[in-house]
Amino acid sequence: MNKYTNLFAGLALVAGMLAASCTNEDYPVYDTDQKDGVYITYEGEKAETDSIHYEYGFQLLTQVTLKIPVKLMGMPTDRERTFGVKVIKEQTTMTEGVHYSIDESKLKLGPNQLEGAVEITFYRDKDPELTDTTYIISLELQETEDLKAIQGQSFFQITYSDKRPTKPEWWDENKLDVYNFEVAQWFFHYFYLTEETNPPVFNELINRYGEYFVDAVKMQGPLAMYDNFFAKYVLTPLYEQYKDHPTITIPKPELH
């Protein structure tokens, strides 16, 4: 299963460049004689975030593709232009093909485009040590015949792992039996389907407890406060899925 994830939101157009020298009355001016360049947009909680950490958590994904946004510093043209990226080996512990792959066909700006991305896919099912180990990859934009890499904004680092979440405080063994990571994955799978089938309650739960209920606690947790909703949309399909399982027993939910 593939899932594409934008690392950052908000795409601003490039307004100009910093001049070599300026006064309080000067404005940035782009030098049309210089080679156009590309840079990584560092956006997020901090003004300049050049690294992230990714975990699969409760998702059922076997791989995920992250996009590192890249923007143009210069003028758009009516032709396609490519940019390069290099893996900094001395700052990387991942193995290509086992932990990641980079789609080199996407390292480009299309005609009249101001932005592109480095698309890197991380694999979940090719290294059993991923559940106990955090891996690192360090990337740096590289100059090509078309575009140069802007110094100071060409580096990015990603760490990732598949460390399994522990039992949530709100987990109710009377309704879900003893905590099991696989069951928790399917619990959230069925829950996130309700974004389409029952969006008002879905949005209310996300606003109250956060994504994957990271803000929920034992008292007044989702299963206690939304008993009938979960019995209908989540616990019933879970019960049907595991009713013939040899070791996992989901209690039959009661609908009110």
Side-chain angles (χ1 to χ4, degrees), residues 1-10 43-47 49 51-67 122 124-125 130-134 158-256:
M1 182 188 300
N2 289 316
K3 182 175 183 180
Y4 287 80
T5 305
N6 281 321
L7 297 184
F8 312 110
E43 299 175 6
E45 293 182 359
K46 297 180 180 179
T49 302
S51 64
I52 64 162
H53 177 73
Y54 180 85
E55 289 186 356
Y56 288 95
F58 290 114
Q59 298 178 90
L60 285 169
L61 305 175
T62 56
Q63 64 186 60
V64 63
T65 298
L66 303 182
K67 296 181 180 181
F122 295 101
R124 189 181 199 178
D125 56 352
L130 190 61
T131 57
D132 299 309
T133 307
T134 298
I158 301 172
T159 61
Y160 94 127
S161 69
D162 190 24
K163 295 181 179 179
R164 303 298 167 86
T166 57
K167 175 185 174 182
E169 285 190 45
W170 52 265
W171 188 271
D172 187 342
E173 293 187 358
N174 293 320
K175 297 176 180 178
L176 288 166
D177 201 14
V178 177
Y179 175 70
N180 179 288
F181 176 69
E182 177 189 302
V183 172
Q185 286 182 295
W186 283 103
F187 173 93
F188 279 112
H189 170 75
Y190 292 124
F191 167 69
Y192 275 93
L193 291 179
T194 66
E195 184 175 10
E196 298 294 332
T197 57
N198 196 329
V201 178
F202 171 86
N203 291 325
E204 184 178 329
L205 281 157
I206 292 298
N207 290 333
R208 182 169 184 172
Y209 299 115
E211 294 285 349
Y212 293 94
F213 303 159
V214 293
D215 298 325
V217 294
K218 187 174 183 178
M219 297 297 294
Q220 298 187 333
L223 292 176
M225 303 301 293
Y226 297 81
D227 179 72
N228 207 50
F229 170 86
F230 281 100
K232 178 180 180 180
Y233 291 102
V234 179
L235 300 184
T236 294
L238 266 180
Y239 168 77
E240 292 296 329
Q241 178 173 333
Y242 286 105
K243 66 181 179 180
D244 297 322
H245 196 279
T247 58
I248 297 174
T249 303
I250 304 297
K252 188 174 182 178
E254 296 182 5
L255 293 170
H256 305 295

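Within the 3.5 Å criterion, the main-chain N or O of D177 finds a donor-acceptor partner in the side chain of W171. Side-chain atoms of S161 do not come within 3.5 Å of backbone N or O of T133 as any donor-acceptor pair. In this structure, N198 contributes its side chain and T194 its backbone to no donor-acceptor pair below 3.5 Å. The main-chain N or O of L223 is found under 3.5 Å from a side-chain atom of K175 such that the two form a donor-acceptor pair. Side chain of R124 to main chain of D162: no donor-acceptor pair is present (N/O by atom type, distance under 3.5 Å, no hydrogens or angles).
Using cut-offs of 30° and 60° on the angle between ring planes, the pair F188 and Y192 is tilted. By the 30° and 60° cut-offs, the orientation of the rings of W186 relative to Y190 is tilted.
Among residues two or more places apart in sequence or in another chain, the salt bridge (Lys or Arg N to Asp or Glu O under 4.0 Å) test is passed with E55 by none.
Taking the six-membered ring wherever Trp is involved, the centroid distance between the rings of Y56 and F122 does not fall below 6.0 Å.
Put simply, the residue from W170, Y179, F181 that forms a ring pair (Phe, Tyr, Trp, His ring centres under 6.0 Å) with F187 is W170. Partner of Y242 under the side chain to side chain contact (heavy atoms under 4.5 Å, CB included) criterion, out of N180, T249, V183: V183 alone. Considering Y209, Y233, F213, Y226 in turn, F213 is the only one that fulfils the ring pair (Phe, Tyr, Trp, His ring centres under 6.0 Å) rule with F191.
Atom CG in L235 sits 12.0 Å away from atom CD in E240 (nearest 0.5 Å). Note: H189 NE2 to L61 CG = 11.0 Å, rounded to the nearest 0.5 Å. Atom CD of residue E254 and atom OG1 of residue T236 lie 11.0 Å apart, to the nearest 0.5 angstrom. Atoms CZ and CG, on F230 and D172 in that order, are 11.5 Å from each other to the nearest 0.5 Å. A distance of 10.5 Å separates CG of L205 from CE of M225, quoted to the nearest 0.5 Å. Atom CD of E182 is separated from atom CD1 of I248 by 4.5 Å, given to the nearest 0.5 angstrom.
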